[in-house]
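To start, the structure under review is shown below, and the notes come after it.
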Amino acid sequence: TTRLLFYIPSLYHSSIEKHTHTRARQLSESMPAITPRKQSKLLLSAALIASSSAFFSSTRAEEDHDHDHDHDDHEPCQCIAGLSIDCTTAMTTTQAALDYLEENESVCKTEANSAECKSNYYVIQAHHDHCAHDQIPHDVEHELHDLEAYYEDCHVKRQFDSDLSSCPAVDCSNVLTTDGNIVAEMGSNNCNDDCSSNECKTRYQKMLMFHDTCAENQLPTDLEKGVHDYEEKCESHLCNTASAAFTLDTSVCSPAPSVIASSSKFVLGLAGFAAYFLM
C-alpha cells in the first residue's frame, strides 16, 4: 500500500512533464525559424527606433532647457505672436494701443481680458521696457503700471545707448530694505524741481536700474511710477541698464508646433519603416 501511494504522485508528475515537453515542441515547430538575415533586420530596426527616440527626447529637452531659463519665467517679448518691437514708431503704436485699452476698459482692465486686450497690452509693455523714455508717450508710461495687475508681462531688456554711462549696480533681492524710501527721498531733496545734485543723481540712477532689471514683485509701486515722475527733470542723469547694444534674439523662442509635429512624424515614420522591414 505504501509503494502504491508513492507511485501515484510520481506517475502524475511524470504525465505533466511529458505533456509540457510535447506542447513546447509543438509550439516550436509551428513558429518560423529566425534566420541570420532576419536577426540582422531585428537589430537594425531596434537601432533605428532607439536612435530616433533619442533624437526626439533630446530635442524636447533642449526646448525645456531654453524655456526654463527665461527671465522670471516670462515669455520673451520678441516671441509673442504678432508683436513687432520698433522704437522708431513706438510713439504712435503705443498711444494707439493705450487708446484701445482705455476704450475697452470694461474688459481690458479685468483678469478676464480678451486676446485683443492682451495684444495691445504687449505693444505698450514691450516698447516701454525696451525703448528710451523719450520714445514713449508720457501717458503710456504712467498708465502701464495701472494695467500690469491684469496681465502676465513678457520680458525684454532696455536697449543700450552709447551716449550714456552705466547705471550703478543694485541688489534686486533687497530693494525694500535698502531703498524702500528712495521715492520719498527724491521728494525731500526737491529733485522734481532741481535734479542737479549728487543726491538726486545717485537716487534717480538707482531707480532706473531697479525699474529696468528687477521683477515687479520686488519693487514698491511708488518706485515703478516714481521713476517716470522724475525723468524730465533728471534727463541729464539717464544711464544704461544694459551692458552693451544688442539685437533681440529670436532663437530663444520655442519651436512652432509644426516643428514638434515633424519630430513626432519622424519617429513614427521610422517605426513604420522598421515594421515593414521585418516582413
Side-chain angles (χ1 to χ4, degrees), residues 55-94 96-98 115-137 140-141 144-145 147-148 151-173 175 205 207-219 224 227 238-264 266:
F55 165 79
F56 184 66
S57 298
S58 174
T59 302
R60 294 295 299 179
E62 289 175 4
E63 293 166 18
D64 293 341
H65 175 81
D66 289 342
H67 178 74
D68 291 343
H69 285 79
D70 286 345
H71 179 76
D72 295 323
D73 294 328
H74 288 288
E75 181 84 7
C77 292
Q78 64 270 29
C79 300
I80 301 294
L83 177 60
S84 176
I85 304 173
D86 184 353
C87 295
T88 64
T89 60
M91 191 67 72
T92 301
T93 56
T94 57
L98 177 61
E116 194 66 25
C117 293
K118 287 182 174 68
S119 294
N120 281 279
Y121 174 77
Y122 282 134
V123 170
I124 291 176
Q125 184 252 311
H127 286 87
H128 166 272
D129 289 357
H130 183 63
C131 305
H133 292 294
D134 60 1
Q135 294 176 305
I136 307 294
V140 169
E141 293 192 296
L144 170 67
H145 298 299
L147 293 162
E148 287 175 327
Y151 298 89
E152 183 72 21
D153 281 359
C154 60
H155 172 66
V156 64
K157 291 182 178 180
R158 187 174 299 279
Q159 186 55 273
F160 179 84
D161 186 338
S162 59
D163 293 330
L164 303 178
S165 60
S166 297
C167 291
V170 296
D171 180 6
C172 293
S173 65
V175 180
Q205 290 188 339
M207 285 172 66
L208 276 178
M209 195 66 168
F210 284 136
H211 178 274
D212 287 4
T213 63
C214 301
E216 286 177 30
N217 59 9
Q218 295 176 308
L219 302 177
E224 286 195 277
V227 70
L238 285 173
C239 54
N240 279 310
T241 56
S243 58
F246 60 92
T247 300
L248 294 176
D249 183 10
T250 56
S251 69
V252 301
C253 303
S254 300
S258 59
V259 176
I260 297 173
S262 296
S263 298
S264 301
F266 174 70

Query raised in the report: Side-chain contact, heavy-atom cut-off 4.5 Å: Cys77 with Asp129?
Result: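 Answer no - side chains too far apart.
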
Quick one: list whatever passes ring-ring contact (aromatic ring centres under 6.0 Å, His included) with [X], sequence neighbours left out.
X: His145; value: His128, His211, His228
X: Tyr121; value: Tyr151
X: Tyr122; value: none

Counterpart residues, side-chain hydrogen bond (donor to acceptor under 3.5 Å, both in side chains), relative to [X] (two or more places apart):
X: Ser173; result: Asp171
X: Asn217; result: none
X: Asp134; result: none
X: Asp86; result: Thr88

Query raised in the report: salt bridge (Lys or Arg N to Asp or Glu O under 4.0 Å): which pairs involve residues 154-165, sequence neighbours left out?
Result: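 Only Arg158-Asp212 qualify under salt bridge (Lys or Arg N to Asp or Glu O under 4.0 Å).
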
Query raised in the report: Taking only residues two or more places apart in sequence or in another chain, which ones pass side-chain contact (heavy atoms from CB on, under 4.5 Å) with Ala242?
Result: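 Once residues adjacent in sequence are excluded, the partners of Ala242 under the side-chain contact (heavy atoms from CB on, under 4.5 Å) criterion are Phe160, Phe246.
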
**Report entry** Cys154/Cys79 sulfur atoms closer than 2.5 Å
**Finding:**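 In this structure, Cys154 and Cys79 share no disulfide.
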
Which distance, rounded to the nearest 0.5 Å, do you find between the [atom1] of [X] and the [atom2] of [Y]?
X: Gln125; Y: Glu148; atom1: CD; atom2: CD; value: 7.5 Å
X: Cys253; Y: Glu75; atom1: SG; atom2: CD; value: 6.5 Å
X: Ile124; Y: Ser119; atom1: CD1; atom2: OG; value: 12.0 Å
X: Lys118; Y: Ile80; atom1: NZ; atom2: CD1; value: 11.0 Å
X: Gln135; Y: Met91; atom1: CD; atom2: CE; value: 7.5 Å

Requested in this report: Mind checking salt bridge (charged side-chain N to carboxylate O under 4.0 Å, His left out) for Asp153 and listing every partner two or more places apart, or none if nothing turns up?
Outcome: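 Result, salt bridge (charged side-chain N to carboxylate O under 4.0 Å, His left out) vs Asp153: none returned.
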
**Report entry** CA sep, side-chain torsions, deciding dist, call: Leu208, His133, side-chain contact (heavy atoms from CB on, under 4.5 Å)
**Finding:** CA-CA 11 Å; Leu208 276 178; His133 292 294; 3.3 Å; yes

